[in-house]
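Keep in mind it's a predicted model, so treat the numbers as computed, not measured. Naming convention: chains lettered A, B, ... in sequence-line order (proteins, then strands); numbering from 1 in each chain.
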Number of protein chains: 2
Amino acid sequence: MSDVARAAGVSAATVSRALRGEPGVSEATRRYVTEVAKRMRYAIARDASSLAGGRKYAVAVLTADGGRGDLLAGAEGALRAAGYDVLLYVLRDDGARAAFFEDLPALARRVDGVLALSARLADDERAALDGVAVPVVAVRDDDLRDALRLAAAHVRDLGHREVALVLAEDADESCGELLVEAGLRVRPEWTLWSSPTVAGGEQVVDVLLDGDRLPTAVVCAGGEVALGVFLRLRRDGRDVPGDVSIVSLDGTELARAVGITAVEGAWRERGEHAVGRLLAALRGESHGGESHGGESHGGEPPSVRLVVRESTGPR
Amino acid sequence: MSDVARAAGVSAATVSRALRGEPGVSEATRRYVTEVAKRMRYAIARDASSLAGGRKYAVAVLTADGGRGDLLAGAEGALRAAGYDVLLYVLRDDGARAAFFEDLPALARRVDGVLALSARLADDERAALDGVAVPVVAVRDDDLRDALRLAAAHVRDLGHREVALVLAEDADESCGELLVEAGLRVRPEWTLWSSPTVAGGEQVVDVLLDGDRLPTAVVCAGGEVALGVFLRLRRDGRDVPGDVSIVSLDGTELARAVGITAVEGAWRERGEHAVGRLLAALRGESHGGESHGGESHGGEPPSVRLVVRESTGPR
DNA sequence: CTGTTAGCGCTTTCAA
DNA sequence: TTGAAAGCGCTAACAG
């Protein structure tokens, strides 16, 4: 940095301020310094920066399985755009989990915040994390609102009124309200939770078949689940979409391949929203405030859109 | 650290050495210091450590799409086991790519090495990366050897002799040799490259159908491709596995769902192998050596196994 | 085997 | 708006 300072004819302090966008530097100086730094291929050393400044500019991202790619991609993009590095922790098995929670003191020294994407934290794990003195934010179903609305509007427009909703296991019931807002009815016994697998989707159908009648549409949080629902319904002699329509909130290759109507970008949306909440918490902390949680606006236009395929049709 | 030193009745230097497993500390001292540190919930500050020591204990992991979850999980696990943090970079679109390659100077100051998982680097990108002065390792098909052998043995045992091999686009031909070693014949025109999508798999079949005859078995590097091959063959009236057997090297949910015989753990294996090569390079560098590349042994027993489903049968 | 002494490359008061 | 000086918390020589 002192090389850059010399080359630009200013002090290191000024270079530091200029490059970080800190106030207290004239626009002219900032521009010039930035240009010199770029020409010299100089970049601030994060180690030294965070050692001196306290902030680490890094966020730990927890995922259970290397997981849903788009979720991770959405979170990573939003974090990087905000200037944070993404430290990935894959908590795939009990060993990895245990090791991670053993080493929380180290975590606290590495990151400014923690983002739990798909880690299904146990209560004691959550408590341990909360003791780390950095904000912890987990993906919630709220982060999926736009996608759910889109799916709900679609099935409603097709004439469906009573639909089943299949959520991820860590989801809470509040999602149902979004369907209600869209003018749909949600029977309590038609709000179901499923593991994010084909088998999970099949089991969901078994439950539905036990009832007195079937819904005419099913909204599934995941592509695998949607496929499971699809396969199981067909095996039972039901026609899709003749008897039952299926929408997936997970527009991956799987939905595309099998021809399932899906909301594209839903997972990315979840990631981005969660990051928004985390950034708000970080901002709050650095302002000395206490804004844990807090509403956030992705700023960006919602990146979700519905792709209609062969799994949905009029009631 | 000085607190711990005081509490343990030693100097900070000794604490540092003890906690990092550096030589030059008696076992007794090390044990005691470690225990004191743990009790005080102390962890070394990475910033300060790497500022003073030069090593960053972090690796940048590049992925195109948040990608194949198991690949990432395998790499992350192996890196963390070796004491490295994983800095995730998702190069999902041109914007993200451009931003990443704009900022290479910053990368060089953050990590000790780069691991490209599924980023399909263009030549100029690869060159730019190589200019970064840290080892760069990309996942190669070599990292898939055990999986390929397993798949080859399976189809051979079923009586197949001439098989088609569908590789990822960035793969090289050497994989074919593994099939030959297994006693299979590999016609040049039956070694094919495909994008990792269902559509890619379908196109592959189109190419095969143009030939004078079909192979009796197809080994596919990816689950989506395998599904594409499967769907396209069926559409053409071929029976799977009656006419053609299909094996996927990607034992994900997709293969499970559709009933495709697959090698489970192959992606994890790839990740672990690539990390092995990167660690070797890092070790080489820190020893002052020049061992770029270099053979590595995962040490661990191979984590791959074949799961036979309905897509393979006797010739 | 252990302690002492210099920094590593920044950021941040505090003055100017 | 800018600069000078004092660390941030550790590691690596060098002594002992």
Basic-acidic side-chain contact under 4.0 Å: B/D47, A/K56: yes

Can you tell me how the ring of A/Y84 sits relative to the ring of A/Y57, calling it parallel under 30°, perpendicular over 60° and tilted otherwise? tilted

OP1 or OP2 of C/dG3 sitting under 4.0 Å from any side-chain N/O of B/T14? yes

Could you tell me whether B/G24 contacts a base, only the sugar-phosphate backbone, or nothing, with contacts defined as non-hydrogen atoms closer than 4.0 Å? base

Separation of B/I44 atom CD1 from D/dC8 atom P, in whole Å? 18 Å

When you match B/S26 and B/L51 each to their closest nucleotide on DNA chain C, which lands nearer the 5' end? B/S26

Side chain of B/E22 (C-beta onward), nearest among D/dA12, D/dT2, D/dT11: D/dA12

Grab the CD-C1' distance between B/E27 and C/dT2 for me, whole Å please. 15 Å

Rounded to whole Å, please give me the gap between CZ in B/R110 and P in C/dG9. 16 Å

Would you mind classifying the nucleic acid contact of A/T29 as base, sugar-phosphate or nothing, using non-hydrogen atoms under 4.0 angstrom? sugar-phosphate

Where the side chain of B/A52 is concerned, which of C/dG3, D/dG9, C/dT11 is the nearest nucleotide? D/dG9

Do B/E125 side-chain atoms and B/A122 backbone N/O form a donor-acceptor pair below 3.5 Å? yes

Any side-chain N or O of A/R109 below 4.0 angstrom from OP1/OP2 of D/dG9? no

Among C/dC10, D/dT11, C/dT12, the one nearest any side-chain atom of B/S16 is D/dT11

Is the shortest distance from a Lys or Arg side-chain nitrogen in B/R30 or B/E27 to a carboxylate oxygen in the other one below 4.0 Å? yes

Less than 4.0 Å between a side-chain N and a carboxylate O, is that true for A/D93 and A/R97? no

From the list D/dT2, D/dT11, C/dG3, which nucleotide is the closest neighbour of the side chain of B/S49? D/dT11

Assign B/R30 to base, sugar-phosphate, or nothing according to its heavy-atom contacts below 4.0 angstrom with the strands shown. nothing

Looking only at C/dC10, D/dG9, C/dT12, the nucleotide nearest the A/R55 side chain is C/dT12

Starting from P on C/dT2, measure out to OH on B/Y32 and report it in whole angstrom. 13 Å

For a quick check, tell me whether the side chain of A/R17 and the base of D/dG3 share a donor-acceptor pair closer than 3.5 Å. yes

Touch check for A/A13, heavy atoms < 4.0 angstrom, all strands: base, sugar-phosphate only, or nothing? base

Between the side chains of B/D85 and A/R110, is the shortest nitrogen-to-carboxylate-oxygen separation below 4.0 Å, so that they form an ion pair? yes

Provide, to the nearest angstrom, the distance between the CG atom belonging to A/L19 and the C1' atom belonging to C/dG9. 13 Å

Presence of A/R20 side-chain N/O under 4.0 Å of C/dT12 phosphate oxygens OP1/OP2: yes

Taking only side-chain N and O atoms of A/S11, does any of them lie within less than 4.0 angstrom of OP1 or OP2 on D/dT2? no

Between B/V10 and A/A43, whichever has its closest DNA chain C nucleotide further toward 5' is B/V10

Given atom CE of A/M1 and atom P of D/dG3, what is their separation to the nearest angstrom? 13 Å

Protein-nucleotide distance (A/Y57, atom OH; C/dG9, atom C1'), rounded to Å: 16 Å

When the distance from CZ of A/R46 to P of C/dC10 is rounded to whole Å, what number comes out? 12 Å

